**Student:** 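Pasting in a structure now, in structure tokens, and then I'll have a few things to ask.
All heavy atoms count here, side chains included; hydrogens, waters and symmetry mates do not. In what follows, every chain begins at residue 1, and chains take the letters A, B, ... in the order their sequences are listed. For clarity, every value in this text was computed on a predicted model and none was experimentally measured.
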Protein chains: 2
Amino acid sequence: MSSANSLTVDDLGSAAQRDRRKRILDATYELAKEGGFDAVQMRAVADKADVALGTLYRYFPSKIHLLVSALGREFEHAESVLREKPIPGETPSERVIYVLKKTTRGLQGDPHLTEALTRAFMFADGSVANEIHSVGMLLTSMLTQAMHPGATELTNDDIATARVIGDVWLSALVAWVTGRSTAVETSAHMENAVRLLLRD
Amino acid sequence: MSSANSLTVDDLGSAAQRDRRKRILDATYELAKEGGFDAVQMRAVADKADVALGTLYRYFPSKIHLLVSALGREFEHAESVLREKPIPGETPSERVIYVLKKTTRGLQGDPHLTEALTRAFMFADGSVANEIHSVGMLLTSMLTQAMHPGATELTNDDIATARVIGDVWLSALVAWVTGRSTAVETSAHMENAVRLLLRD
DNA sequence: GGACGAAGTGGAACGTGTTCCTATTATGTC
DNA sequence: GACATAATAGGAACACGTTCCACTTCGTCC
């Protein structure tokens with residue numbers, strides 16, 4: 001586990017290092033946004049971030065780690081934006097659907113970026129478990145927050161429900177980024193799933 | 001779409017060609033079973049099938065097409081085995097869980113093969129949409145059959161429920177083959193999802 | 001300020017998916 | 001049987017993820 005982890009902000013002592021890390025993730029973000037998974041080439045990232053290829057690999061041990069970390073940063077950002085305002089909606093399902101729609105619309109506005117990040121997520125193996133896990137927790141917590149705003153205690157069923165919704169969301173996203181379903185179908189399917197799970 | 005399709009059995013005129021195709025899929029199957037996605041190397045497949053690399057690419061335009069075609073063949077086989085006997089269980093959820101467990105156990109008995117096929121499935125883009133779609137339909141129909149054995153009419157909710165279960169199944173499978181969750185966790189999560197969806 | 005280890009640079013090199021080219025072999029037509 | 005066309009063999013070549021190495025720079029301790 002310790003053998004192949006991405007360097008987190010906390011691992012980095014100097015300001016220069018934190019800056020390198022940021023430049024790398026910024027470059028990754030831009031390349032992904034412009035050309036998707038295939039455009040995020042390690043040499044291109046290194047060039048754009050003004051960093052040697054070997055250094056890039058010291059910070060992120062693989063392309064997958066790199067993309068999943070970039071996904072994590074974006075997700076944190078989305079989550080903090082979401083946290084600023086209370087979630088509108090009378091019922092849990094209305095609020096969950098609001099969160100999903102908002103998030104999905106954000107992703108669908110950046111198809112290349114979404115394709116790159118989703119592909120990476122799906123291809124990630126055990127060595128990326130840490131990065132994946134933190135993204136998963138973030139998503140689950142966003143969903144449980146929408147279900148029970150401000151709640152401090154959650155039942156097992158709440159968490160399980162959130163995870164199922166997360167699964168559906170991921171499958172729908174994969175189908176969409178691989179061109180196997182349209183944005184409209186994706187939304188409809190997710191709404192349907194929420195309705196089936198949260199009958200309120 | 002028409003530009004990059006795998007050659008199907010129907011496309012092939014001579015017996016020699018059908019035999020080449022079969023040798024290729026057999027070689028793919030064996031390599032996948034032994035070493036998973038990474039072991040299915042195009043040169044190795046070509047060698048094992050006694051076929052030139054260029055010929056392999058004439059039959060299957062990419063590694064993904066090759067693996068998804070192999071997946072299709074295996075899935076049809078599994079489905080025909082399942083169809084032979086009535087599904088045991090008193091309630092829809094019991095029957096669905098039976099089907100999921102049986103299928104999952106089959107897959108987990110061949111972890112390398114499953115890993116190779118799931119990876120290919122997740123990485124497949126629009127050019128493989130046809131093959132993917134038929135596999136998806138097969139899974140959905142297996143699940144609706146388990147929910148309502150022998151039913152001729154299905155509600156939209158039945159189909160949506162089956163698709164949600166399929167999504168969870170796929171996510172769980174991905175998590176398992178990528179080493180992010182254990183076989184036991186996979187089963188538990190799927191059972192949980194079914195219970196949440198089919199409260200009977 | 002000098003020494004030393006860690007981190008970074010620059011780039012060569014390797015593996016594997018994919019493409020491409022030429023020579024050879026099948027297949028079908030007259 | 002001679003020929004035209006397509007299919008296949010064999011393998012070189014290219015792209016990109018990844019590894020590795022020799023060298024330089026940076027940070028820290030004396």
Side-chain angles (χ1 to χ4, degrees), chain A residues 3-9 11-24 27-28 31-32 34-70 116 119-120 123-125 127-128, chain B residues 3-9 11-24 27-28 31-32 35-70 116 119-120 122-125 127-128:
Chain A
S3 61
N5 274 334
S6 310
L7 265 45
T8 67
V9 173
D11 296 331
L12 298 169
S14 80
Q17 288 180 317
R18 278 192 296 279
D19 190 57
R20 270 194 200 88
R21 186 175 191 277
K22 179 176 181 310
R23 287 205 312 274
I24 291 172
T28 304
L31 289 169
E34 283 162 23
F37 188 87
D38 289 345
V40 181
Q41 302 185 357
M42 300 305 267
R43 289 172 181 84
V45 172
D47 272 7
K48 192 160 191 143
D50 242 318
V51 140
L53 192 54
T55 305
L56 173 53
Y57 272 92
R58 239 187 67 81
Y59 279 67
F60 300 95
S62 78
K63 174 171 174 172
I64 300 296
H65 283 82
L66 177 58
L67 280 167
V68 173
S69 298
R119 278 248 157 91
F123 218 66
D125 66 4
S127 74
V128 209
Chain B
S3 61
N5 274 333
S6 312
L7 265 46
T8 66
V9 173
D11 296 332
L12 297 169
S14 78
Q17 286 180 318
R18 278 193 294 279
D19 189 57
R20 267 194 201 88
R21 185 175 191 279
K22 180 176 182 309
R23 287 206 310 272
I24 291 172
T28 303
L31 288 169
F37 188 86
D38 288 344
V40 181
Q41 302 186 355
M42 299 305 267
R43 290 172 182 82
V45 173
D47 271 8
K48 193 161 190 139
D50 241 319
V51 139
L53 192 55
T55 305
L56 173 54
Y57 272 92
R58 240 185 64 81
Y59 279 68
F60 300 95
S62 77
K63 175 170 174 171
I64 299 297
H65 282 82
L66 177 58
L67 281 167
V68 172
S69 299
R119 279 245 154 94
M122 290 294 98
F123 221 68
D125 66 2
S127 73
V128 217

**Student:** Quick one: what's the B/S/- string for nucleotides 7-19 of chain D, heavy-atom cutoff under 4.0 Å, read 5' to 3'?
**Tutor:** SSBB--B--BBBB
**Student:** With B:Phe123, which residues qualify under ring-ring contact (aromatic ring centres under 6.0 Å, His included), at least two apart?
**Tutor:**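 Counting only residues at least two positions away or on another chain, B:Phe123 forms a ring-ring contact (aromatic ring centres under 6.0 Å, His included) with A:Phe37, A:Phe123.
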**Student:** Would you please name every residue forming a side-chain hydrogen bond (donor to acceptor under 3.5 Å, both in side chains) with B:Ser69, sequence neighbours left out?
**Tutor:**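 Not a single residue meets the side-chain hydrogen bond (donor to acceptor under 3.5 Å, both in side chains) criterion with B:Ser69.
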**Student:** For B:Asp19, which residues count as a salt bridge (Lys or Arg N to Asp or Glu O under 4.0 Å) partner, sequence neighbours excluded?
**Tutor:**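 Checked B:Asp19 against salt bridge (Lys or Arg N to Asp or Glu O under 4.0 Å); matches are B:Arg23.
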**Student:** Using the heavy-atom set of chain A and a strict 4.0 Å cut-off, write down the first and last nucleotide of DNA chain C that makes it in, 5' to 3'.
**Tutor:**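 Reading along DNA chain C, I get C:dA7 to C:dA13.
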**Student:** Within the 4.5 Å heavy-atom criterion, are A:Leu66 and A:Leu56 side-chain neighbours or not?
**Tutor:**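 Sidechains of A:Leu56 and A:Leu66: in contact.
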**Student:** When the side chains of residues 41-51 of chain A are checked against the rest of the protein, which donor-acceptor pairs come out under 3.5 Å, sequence neighbours left out?
**Tutor:**
residue	atom	partner	partner atom	Å
A:Gln41	NE2	A:Asp38	O	3.3
A:Lys48	NZ	A:Glu30	OE1	3.4

**Student:** With side chains defined as the heavy atoms from C-beta onward, is the minimum distance between B:Arg20 and B:Gln17 less than 4.5 Å?
**Tutor:**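 Yes, side chains in contact.
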**Student:** side-chain hydrogen bond (donor to acceptor under 3.5 Å, both in side chains) with B:Ser62: which residues, sequence neighbours excluded?
**Tutor:**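 Residues passing side-chain hydrogen bond (donor to acceptor under 3.5 Å, both in side chains) with B:Ser62: B:His65.
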